[in-house]
2 protein chains.
Amino acid sequence: MEGFAARYKILPSGRRQITAIHVPGDFVDLHSFLLKTMDHGVMALTACELALVPHATLLRITEEKPHLARLLWLGTLIDAAIHREWLTMMGRSSATAHMAHLICELFCRLQLVGLTDGWSFRCPLTQEELGDTLGLSTVHVNRVLKELRERKLVSWQNGIVTIANWQGLQDLGEFSELYLNLIREPR
Amino acid sequence: MEGFAARYKILPSGRRQITAIHVPGDFVDLHSFLLKTMDHGVMALTACELALVPHATLLRITEEKPHLARLLWLGTLIDAAIHREWLTMMGRSSATAHMAHLICELFCRLQLVGLTDGWSFRCPLTQEELGDTLGLSTVHVNRVLKELRERKLVSWQNGIVTIANWQGLQDLGEFSELYLNLIREPR
DNA sequence: CGGCTCTTTGACCCGACTCAACGCTCGTGG
DNA sequence: CCACGAGCGTTGAGTCGGGTCAAAGAGCCG
């Protein structure tokens, strides 16, 4: 898929939670392949270009190409690992640390697909969407971003995120890219 | 697996978050099969009896028994669906609603494996572990349980959970069992 | 120019946390 | 048989992070 997308859930009360953010190159909705009932929605955050894979094709892959099937499976396992990391930050860290962590994660994932430019990258999320991702109010998202800017860790303006102090940001967010299961050169 | 277990993460700061609770019958750690680095720990909540499956066997299953492999995959997808649901409750609901939701989920999962007794079931979590599951302090867990008891929705005493008002509990927790992907008779 | 979406800021409030103490139960050793 | 400590549950007082409400900029398009 080209472009950014998100998976989300909406509670009966109307509150929305974004449960995953997809960057260009991600296989977005493999989860719906085997699940009987789709438990969440998918939305585009930018204009997207996507490739569709019929379930019949996936089924055939599991029958005939076990190696490829394992790779697809791995993709969903990494999604789950990210869910666990988010759960941990959601439950056990402050709003500021959580935001720092999310920025670190996005940076790593985007760098892997070559979408970073030095310490900067484009990120199309509005503050409202960020709030729905982190479980915060829009107002508080704004204050957190202001704090990160004032602490000279990172700035997020006009859809461009620029990391000013990677080590500091990583420490604040208690971030370690291990859970992303990326294979690449050490930084 | 017989007995209760949990998967958890510990942050550098020392704070713990439980990311999954496993009930008897669950395939506990299929996630470690394909993931290069194990991103979390597993702990027993009670004495457990378990069956081990070597990775080589799993590998062979994916090569030779695609139908079975899809079932295993489905298991991990359901784990991910539960993670998304927890994420949503964590980010977008009150402590009381979150607790109600967790109790509803445990009830449904335990009923499926025949471990409920009417509206009661055994649940070995301490309040500290409950707090680490819900992202709350031990003290607040206690207050939330007290509130649920006083509202005559559910009681949790000496490791026995008894649901007094299923509909009320479900409404409060905005619970719908859909995400669990259970196949069974409607209640 | 007006209207829309998104961002920013201030004032006030409340849900959940921390600290601290006390109670209960059970297992262990003198 | 009782004393003691460990682990878990319960409760109160005070604090604070993040929410809500409200209003004002800032960029963008028609």
Side-chain angles (χ1 to χ4, degrees), chain A residues 4 6 11 13-18 43-47 89-103 122-151 154-162 172-173, chain B residues 4 6 11 13-18 43-47 89-103 122-151 154-162 172-173:
Chain A
F4 285 74
L11 289 172
S13 63
R15 315 199 76 184
R16 178 176 69 167
Q17 175 68 41
I18 289 178
M43 66 181 181
L45 296 172
T46 62
M89 296 312 290
M90 196 85 107
R92 292 304 188 201
S93 79
S94 69
T96 318
H98 194 179
M99 175 73 79
H101 187 279
L102 178 67
I103 291 172
R122 293 214 80 252
C123 187
L125 298 217
T126 64
Q127 294 188 357
E128 186 185 357
E129 287 156 352
L130 263 176
D132 285 344
T133 303
L134 302 173
L136 300 175
S137 66
T138 310
V139 172
H140 202 61
V141 164
N142 190 282
R143 288 194 243 270
V144 164
L145 288 176
K146 183 181 176 190
E147 186 196 339
L148 290 177
R149 208 181 313 128
E150 285 170 353
R151 289 171 68 173
V154 62
S155 78
W156 188 318
Q157 317 230 240
N158 307 316
I160 306 284
V161 182
T162 305
L172 174 60
Chain B
F4 286 74
L11 289 172
S13 62
R15 316 198 75 183
R16 178 176 69 167
Q17 175 67 44
I18 289 178
M43 66 181 181
L45 297 171
T46 62
M89 296 313 290
M90 196 86 106
R92 291 306 188 199
S93 78
S94 68
T96 318
H98 194 178
M99 176 73 79
H101 187 279
L102 178 67
I103 292 172
R122 294 214 80 252
C123 186
L125 297 218
T126 64
Q127 294 187 357
E128 186 185 357
E129 287 157 352
L130 262 175
D132 284 344
T133 304
L134 302 173
L136 300 175
S137 66
T138 311
V139 172
H140 201 61
V141 164
N142 188 283
R143 289 194 240 269
V144 165
L145 288 176
K146 184 181 176 191
E147 186 196 337
L148 291 177
R149 207 181 316 128
E150 284 170 354
R151 288 172 67 174
V154 62
S155 78
W156 187 319
Q157 318 232 239
N158 306 316
I160 305 284
V161 181
T162 305
L172 173 60

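Please read all numbers here as calculations on a predicted model, not as lab measurements. Within every chain, numbering begins at 1; the chains are lettered A, B, ... in the order of the sequence lines, protein sequences first and strands thereafter.
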Anything under 3.5 Å between a donor and an acceptor, one on a side chain of residues 139-148 of chain A, the other on a protein residue two or more places apart or in another chain? List them.
unit_1, atom_1, unit_2, atom_2, d
A:Asn142, ND2, A:Gln127, OE1, 3.0
A:Glu147, OE1, A:Thr96, OG1, 3.1
A:Glu147, OE2, A:Arg151, NH1, 2.8

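- Residue B:Gln157 has no polar side-chain atom (N or O) positioned under 4.0 Å from OP1 or OP2 of C:dC24.
- Taking the side chain as every heavy atom from C-beta outward, A:Leu130 and A:Leu102 approach each other to under 4.5 Å.
- With respect to the salt-bridge test (charged N to carboxylate O, under 4.0 angstrom), the residues B:Arg92 and A:Asp132 qualify.
- In this structure, B:Ser137 reaches the bases: a heavy-atom distance under 4.0 Å links it to at least one base atom across the strands shown.
- Distance from the side chain of B:Arg149 is smallest for D:dT10 among the nucleotides C:dT7, D:dT20, D:dT10.
- The side chain of B:Gln127 has D:dT10 as its nearest neighbour among D:dG18, D:dT10, C:dC17.
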Sub-3.5 Å pairs of nitrogen or oxygen atoms, protein against nucleotides 20-23 of chain C:
none

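- Contacts with DNA chain C (heavy atom under 4.0 Å) in residues 140-148 of chain B: B:His140, B:Arg143, listed by number.
- Nucleic acid contact class of B:Gly159 (heavy atoms, under 4.0 Å, all strands): none.
- Listed by chain and residue number, A:Ser120 satisfy the side chain to side chain donor-acceptor pair (under 3.5 Å) test with A:Thr162 (two or more places apart in sequence, or in another chain).
- Counting heavy atoms from C-beta outward, B:Met90 and A:Gln17 have side chains that stay 4.5 Å or more apart.
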Detail all sub-3.5 Å separations between protein N/O atoms and N/O atoms belonging to nucleotides 28-30 of chain D.
none

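- Residues forming a ring-ring contact (aromatic ring centres under 6.0 Å, His included) with B:His98 (at least two apart in sequence, or on another chain): none.
- Protein atom CG of B:Leu136 is 14 Å distant from nucleotide atom C1' of C:dT18, rounded to whole Å.
- Not counting sequence neighbours, B:Ser155 has no partner by the side chain to side chain donor-acceptor pair (under 3.5 Å) test.
- Separating the CG atom of A:Leu130 from the P atom of D:dG19 is a distance of 13 Å, rounded to the nearest angstrom.
- Under the 4.5 Å side-chain criterion, counting only non-hydrogen atoms from C-beta, A:Arg16 is in contact with A:Glu129.
- In this structure, B:Glu129 places its CD atom 12 Å from C1' of D:dG7, rounding to the nearest Å.
- Using a 4.0 Å cutoff on non-hydrogen atoms, the parts of residues 89-97 of chain B near DNA chain C are B:Ser94, B:Ala95, ordered by number.
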